[in-house]
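Only one structure is covered here, and it is reproduced in the block below.
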Amino acid sequence: MLTSALLAIAASVATASAQVYKGFNYGSTFTNDAAKVQADFQNEFTTAQRLVGTSGFSSARLYTMIQGGTTNTPIEAIPAAIATKTTLLLGLWASAGQANFNNELAALSSAIKTYGTAFTDLIAGISVGSEDLYRISPTGIINLSGAGAQPADVANYIGQVRSLVAGTGASGKPIGHVDTWTAWVNSTNQAVINA
């Protein structure tokens, strides 16, 4: 049963998108918690695109839509991506409750209005949360992995993002959740799988 479920997921992913993205994950801050600004992101994106002996590293995964040090200002990775033609897997942090998620939504909405199709044309997908389900699992709790979110909350957040982007240049972009493989085979997470 598990094998057939995994094959079905793999087949649907393979047929859903012919586009292949290669890139790296990018945090909103440096290891000293200083916020990255547009020039920092632009330097990182350009460096990735110019890696010696490689090609095609022109995508970035973001974990938040919010610029470091602000409440809900769009992350400065967006104008950097526009300047470097870097595609984006957007991330909205989902482990801090509805009030904080509202700030993620406000930043996404503002980015769409501010940058228009120069931004939305670069969106490869939108990830609502990252490993939230793993963090609330027994393994995540034992490993002290931090705050997570309940399946119903993640599914609700996905619905909120779908509503927000409807009728914008971001409508039709894939929207989902990123988590460990164990989250996808755990039936208690069905609400997220269905979302």
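It should be emphasised that the depicted structure is a prediction, and the values quoted were computed from it without experimental measurement.
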[X] side chain vs [Y] backbone, donor-acceptor pair below 3.5 Å:
{"X": "Gln38", "Y": "Glu76", "value": "no"}
{"X": "Gln49", "Y": "Ser59", "value": "no"}
{"X": "Ser137", "Y": "Tyr134", "value": "yes"}
{"X": "Ser110", "Y": "Ala106", "value": "no"}
{"X": "Thr54", "Y": "Leu51", "value": "yes"}
{"X": "Asp40", "Y": "Val37", "value": "yes"}
{"X": "Asp132", "Y": "Ser130", "value": "yes"}
{"X": "Thr168", "Y": "Val165", "value": "yes"}
{"X": "Lys173", "Y": "Thr120", "value": "yes"}
{"X": "Arg135", "Y": "Ala147", "value": "yes"}

Let me confirm one number: the [atom1]-[atom2] distance from [X] to [Y], rounded to the nearest 0.5 Å.
{"X": "Thr188", "Y": "Ile136", "atom1": "OG1", "atom2": "CD1", "result": "7.0 Å"}
{"X": "Leu62", "Y": "Asn25", "atom1": "CG", "atom2": "CG", "result": "9.0 Å"}
{"X": "Thr70", "Y": "Asn72", "atom1": "OG1", "atom2": "CG", "result": "6.5 Å"}
{"X": "Leu108", "Y": "Thr64", "atom1": "CG", "atom2": "OG1", "result": "10.5 Å"}
{"X": "Met65", "Y": "Thr73", "atom1": "CE", "atom2": "OG1", "result": "11.5 Å"}
{"X": "Leu164", "Y": "Ser109", "atom1": "CG", "atom2": "OG", "result": "5.0 Å"}

In sequence, state the C-alpha distance, the side-chain angles, and the governing distance for Asp153 and Phe101, and then conclude on side-chain contact (heavy atoms from CB on, under 4.5 Å).
-> CA-CA 11 Å; Asp153 293 330; Phe101 196 74; over 6 Å; no

Hey, quick one: are [X] and [Y] part of the same hydrophobic cluster, counting side-chain heavy atoms closer than 4.5 Å, chains of contacts allowed?
{"X": "Ile175", "Y": "Ile112", "value": "yes"}
{"X": "Val178", "Y": "Trp184", "value": "no"}
{"X": "Phe41", "Y": "Ile66", "value": "no"}
{"X": "Ile158", "Y": "Ile123", "value": "yes"}
{"X": "Trp93", "Y": "Leu133", "value": "no"}

If you compare all heavy atoms of [X] against all heavy atoms of [Y], which two are closest, and at what distance to 0.1 Å?
{"X": "Ala191", "Y": "Ala155", "answer": "O-CB, 3.5 Å"}
{"X": "Ala94", "Y": "Ala149", "answer": "O-CB, 3.4 Å"}
{"X": "Ala60", "Y": "Phe45", "answer": "CB-CE2, 3.6 Å"}
{"X": "Ser95", "Y": "Gly148", "answer": "OG-CA, 3.6 Å"}
{"X": "Ala81", "Y": "Leu122", "answer": "O-CD1, 3.6 Å"}
{"X": "Asn189", "Y": "Ala183", "answer": "ND2-O, 3.0 Å"}

Does Phe24 have any ring pair (Phe, Tyr, Trp, His ring centres under 6.0 Å) partners at least two apart in sequence or in another chain, and if so, which?
->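 So Phe24 forms a ring pair (Phe, Tyr, Trp, His ring centres under 6.0 Å) with Phe57.
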
For Lys22, does the NZ atom have more than 12 heavy-atom neighbours from other residues, nucleotides or ligands under 6.0 Å away?
-> yes

Under 3.5 Å, is there a donor on one side chain and an acceptor on the other for [X] and [Y]?
{"X": "Thr180", "Y": "Thr182", "result": "yes"}
{"X": "Arg61", "Y": "Ser127", "result": "no"}
{"X": "Glu104", "Y": "Asn100", "result": "no"}
{"X": "Ser145", "Y": "Asn143", "result": "no"}

Return the orientation label for the Tyr115 and Phe119 ring planes: parallel under 30°, perpendicular over 60°, tilted otherwise.
->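 Answer is perpendicular, since the angle exceeds 60°.
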
Before giving the answer on side-chain contact (heavy atoms from CB on, under 4.5 Å), spell out for Thr86 and Gln42 the whole-Å C-alpha distance, their side-chain angles and the decisive distance to 0.1 Å.
-> CA-CA 9 Å; Thr86 299; Gln42 208 159 314; over 6 Å; no

